Amino acid sequence: MNFQILDADYFRENERPVVRLFGRSDNGESVCCLVPGFEPYFYLSASGDLKKLGQEIKERFDVVKDIEVVERFEPIGYQETKQPMLKVTTFDPRNVPEIRDEVAGMIGVREIYETDILFRNRFLIDKGFKGMGWVSAEDDADVAKGDLLCDHAVRSSELTEVDRIANSPLKYMAFDIECLPHDGGMPTPDVSPIIMVSFAFEPAYNGHSTIVLVKKEVEGVDDDVEMFTKESDLLNRFFEIITEYDPDVITGYNINDFDVPYIVDRVNVLNESGAGIKPIVGRDSRNLSYRKIISRTMVSIPGRVVVDALPLIRQQFSLKRYTLRNVSKELLDREKLDVAPADMQEHWNDNGEKIRKFVDYARRDSELALELLLELKLLDKYIALSRVSGVLLQDTVSGGQTNMVEHILMTEFGKQGRVMSTKPDDETSAYRRKQNESLKGGAVLEPEKGLHENVIVLDYKSLYPTIMMAHNLCYTTVVKPGSYPEDDIIRSPSKGEFVKPDIFKGVVPSVLEYLLDQRVKTKQLMKKADDEGEYRVLDATQLALKILLNSFYGYSGYARARLYSLQMANSVTSIGRDNIARTEDIVCNRIGTVVLRDNAAYLTDEAGDIGEGDKVVKLSVAYGDTDSVFVHCKKDCDEEFAEDEFSLEDSALVGRKVASIVTASLPDPMELEFEAAAKRVLLVAKKRYAQWLFEPTNDGWKDKIKVKGLETVRRDWCELTSKMLIRVLELVLKEGDIDGSVHHVRELVDRVRNLDVQKDADIVEDLVLTKSFSKSPSSYKNKQPHLTVVENIERRTGVRPSIGERIPFVITAGKGLFVDRAEDPEYVREHNITLDVDYYIQKQMLPPVERILGVFGVDVATLNHDSKQKGLFDFDTSSEEKVETVKRVCRTGEQPSQQQDQKTQSSLFDF
DNA sequence: TCTCAAACCTAG
DNA sequence: TAAGCTAGGTTTGAGA
């Protein structure tokens with residue numbers, strides 16, 4: 001029988017561990033496979049007589065089953081030979097943490113290794129099985145299920161890996177609870193009952209795609225509504241449905257921080273007074289439970305995967321707010337039904353439309369959570385990450401990159417006879433954090449500020465991974481500077497030294513090579529894939545490979561990593577900085593100009609004499625950040641090309657030529673790539689620019705405006721700013737229409753200045769700013785507008801928004817600091833409070849737009865011109881002139897006069 | 001008026 | 001069993 005590994009753990013049978021693999025088989029049954037015989041162990045290195053030390057340990061700890069002297073490499077640093085170590089095998093997995101400290105303290109013991117590897121991971125790593133990987137249980141003998149809640153239970157010691165791309169048909173279930181708050185505030189489990197629970201299923205459960213449990217008799221509701229008089233009966237049914245449906249994935253919105261803890265606490269409260277609820281949810285019949293780990297709640301259910309959609313969406317989408325309402329609207333274009341907390345009691349007490357609306361509202365929330373998970377394919381990426389890294393799905397979903405990188409490295413270390421470090425203690429990681437102050441990052445080239453035409457975007461494909469591969473940068477190759485002959489080492493600009501690959505090929509470079517290779521292969525398969533499901537899996541796989549490739553650098557400088565090497569991290573970035581500087585030099589100086597002739601690009605010495613039809617292109621680097629360069633293509637005389645003199649195809653020719661020349665000068669597999677051609681680029685500052693970009697696709701060029709770092713993409717600016725600025729950027733980049741921009745801004749400024757709350761309702765909505773409430777109020781050293789609002793809300797409702805939430809606010813009219821005048825938009829609406837239009841004009845609208853239009857000599861006075869004050873100069877000019885202005889600014893790169901004098905201004909447009 | 005640190009959010 | 005990394009711009013309020 002073949003099945004896909006969803007989850008793994010172990011239990012004790014006759015005081016011996018038996019691993020349990022939970023999964024779903026190819027015929028759709030849920031499976032639990034028991035695997036006996038795997039033993040826990042760890043390593044230690046010591047000075048002196050290892051055999052004797054082994055004896056001592058064996059005698060001192062009766063939980064030690066076996067001791068063996070083995071040869072292993074240490075985790076960090078190049079070593080010519082392995083050294084003897086002790087491998088300590090215990091009877092029970094929990095013995096390892098029980099005895100490790102005492103063992104570590106014994107005389108002669110230098111270091112202990114792998115004492116903090118979870119047994120289930122130890123099993124997966126040693127056996128080569130992967131999270132969401134397929135295995136075959138050969139001699140599968142059916143066993144009694146006992147407490148196991150799955151279709152099929154088998155026992156097998158002969159498991160083999162199965163190569164299969166497709167995923168098994170998983171069963172998804174979303175749920176959501178409704179509680180009746182005591183006083184309209186936040187419900188608390190000790191007093192507020194759970195009055196409804198809703199479910200959504202995929203596939204359907206007994207023909208139902210949704211179910212709502214209601215603690216009340218309601219008439220005229222759909223047939224998916226079940227009614228109860230006792231809360232405990234409702235809750236028992238809740239658990240019964242879960243175990244009967246037997247979902248693989250349990251989801252919901254904010255369930256980790258709210259629903260699950262609430263249910264657990266509520267069940268405890270009810271059971272204390274003898275309700276006798278059995279909250280069984282696990283495939284091993286375990287009860288629902290949660291653990292608080294430093295203000296974060298962790299939920300895990302044996303045999304299943306718990307996926308809270310909220311954190312996943314937070315991670316994946318940049319939104320101003322993450323309420324279910326907003327997220328559904330933005331990402332699904334679906335409306336949440338709503339019953340305000342304050343109206344819940346009233347709806348609940350009703351026996352007609354209102355209670356039915358309340359039921360519908362509850363049902364919709366589960367539906368939306370499930371839709372978010374499925375329609376946005378939130379899980380695809382994590383399933384792929386599991387299959388590539390080997391980590392169990394629950395751990396890829398709720399853990400970080402560390403998990404996966406360490407799992408991969410430990411697997412490789414194991415194969416090469418190298419032991420893995422334990423996690424660093426707090427002291428060590430604090431020390432490393434201090435050291436990291438010397439960790440330098442990527443280089444950002446000073447932008448040639450202003451508007452440029454015909455810019456080619458080149459970037460390095462996976463820069464940091466390829467640097468590590470090309471230079472054999474690894475924990476296993478790093479050596480103490482000066483300790484090896486020059487000929488044997490690679491030295492980075494940061495003075496890190498690593499042995500050359502012919503002496504020892506690093507584990508990290510090998511892993512990266514494999515991942516990169518897999519990614520290329522996966523992309524090839526994608527081109528051939530005809531089945532949509534298969535394409536989806538492959539696409540997720542290549543994305544997962546990309547994520548993993550890019551995780552290794554960050555991990556190497558992570559203070560809490562098992563493997564940490566500042567020397568390695570600094571070498572990666574120093575080579576990167578060197579590289580981009582070299583690239584700039586090659587482009588500007590060694591190449592300098594490119595000749596376009598007969599649809600091909602030539603270097604000047606390749607081209608020979610310049611003929612009639614030749615186009616000479618002068619190159620310069622206008623900007624670059626870490627792994628990219630923007631190459632400005634100009635005429636030989638340093639002027640911009642005329643409109644039809646330089647085509648997108650010309651850009652591509654030049655771009656590909658430059659990329660190939662630079663790539664040829666680089667060690668394999670580093671590669672500079674032509675990414676796109678920009679017709680116009682506006683460089684405002686480092687990390688702030690806008691491009692009118694043309695990307696090559698299978699059917700021609702696809703154009704778009706790409707904005708980086710400017711206010712349009714920043715969530716702490718109001719929508720009005722974004723909308724205004726995006727329009728201005730479009731006008732400038734596409735039409736070259738400065739006047740139009742000025743007009744547009746003036747018009748908006750006017751509307752805001754004379755804001756009519758009734759007439760300009762659309763604008764009022766766009767005046768809301770949001771900021772992230774990121775830490776406890778007491779740890780803020782300065783006042784913050786959103787903090788003012790948090791305090792206001794807490795004072796009024798008794799409920800404080802939780803840390804991590806984005807808080808919306810507007811600035812209201814009045815005296816004093818802005819911070820003190822920040823207010824909850826809802827409260828402002830309800831109480832008809834006046835907004836500070838001047839703040840919006842002076843602080844939200846004018847500064848961002850001035851930074852852009854300032855390039856063309858437009859200043860605040862021009863933009864803030866009051867339409868009611870007649871008599872100031874008229875701003876109309878013909879369209880050719882507008883374009884001319886842009887052209888002129890591009891061509892000469894001049895900084896037009898900043899004077900606000902009317903004549904100066906018009907003369908600029910008189911050009 | 002200028003300088004500084006805190007806070008936020010983004011680029012890569 | 002909490003957590004990949006650094007570089008950088010901008011706003012704000014406080015204080016010299």
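Below, read A as the first sequence line, B as the second, and so on, with proteins coming before strands; counting in each chain starts at 1. Please read all numbers here as calculations on a predicted model, not as lab measurements.
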Please determine, for the side chain of [X], which listed nucleotide ([options]) has the closest atom?
X: A/Lys423; options: C/dT1, B/dA11, B/dC9; answer: C/dT1
X: A/Arg120; options: C/dA14, C/dC5, C/dT1; answer: C/dT1
X: A/Leu439; options: C/dG8, C/dC5, B/dA7; answer: C/dC5
X: A/Phe818; options: C/dT12, B/dA7, C/dT1; answer: C/dT12
X: A/Ile293; options: B/dC8, C/dG4, C/dT1; answer: C/dT1
X: A/Gln401; options: B/dA11, C/dG4, C/dG8; answer: C/dG4
X: A/Leu817; options: C/dT12, C/dG4, C/dG13; answer: C/dG13
X: A/Gln784; options: B/dC9, C/dG9, B/dA7; answer: B/dA7
X: A/Lys781; options: B/dC9, B/dA6, C/dA14; answer: B/dA6
X: A/Met298; options: C/dT1, C/dT11, C/dA7; answer: C/dT1

Taking only side-chain nitrogens and oxygens of [X], does any of them come within less than 4.0 Å of OP1 or OP2 of [N]?
X: A/Thr573; N: C/dC5; result: no
X: A/His786; N: B/dA7; result: no
X: A/Lys687; N: B/dG12; result: no
X: A/Tyr839; N: C/dT12; result: yes
X: A/Thr402; N: C/dG4; result: yes
X: A/Tyr689; N: B/dT10; result: no

With a 4.0 Å cut-off on heavy atoms, is [X] in touch with a base, just the backbone sugar-phosphate, or nothing at all?
X: A/Asn121; answer: nothing
X: A/Val684; answer: nothing
X: A/Tyr780; answer: sugar-phosphate
X: A/Lys706; answer: nothing
X: A/Arg433; answer: nothing
X: A/Gly441; answer: sugar-phosphate
X: A/Arg806; answer: sugar-phosphate

Quiz item: A/Arg714 side-chain donor-acceptor pair to B/dC9 base, under 3.5 Å: yes

Test log, rule side chain to side chain contact (heavy atoms under 4.5 Å, CB included), inputs A/Leu767 and A/Gln844: CA-CA 9 Å; A/Leu767 298 181; A/Gln844 289 282 317; over 6 Å; no

Plane angle bin for A/Tyr780 and A/His786 - parallel if under 30°, tilted between 30 and 60°, otherwise perpendicular: perpendicular

Heavy-atom neighbours of A/Lys546 NZ exceed 12 at 6.0 Å: no

Check: A/Tyr689 ring centre within less than 6.0 Å of A/Phe630 ring centre: yes

A/Arg120/A/Asp9 ion pair, N-O < 4.0 Å: no

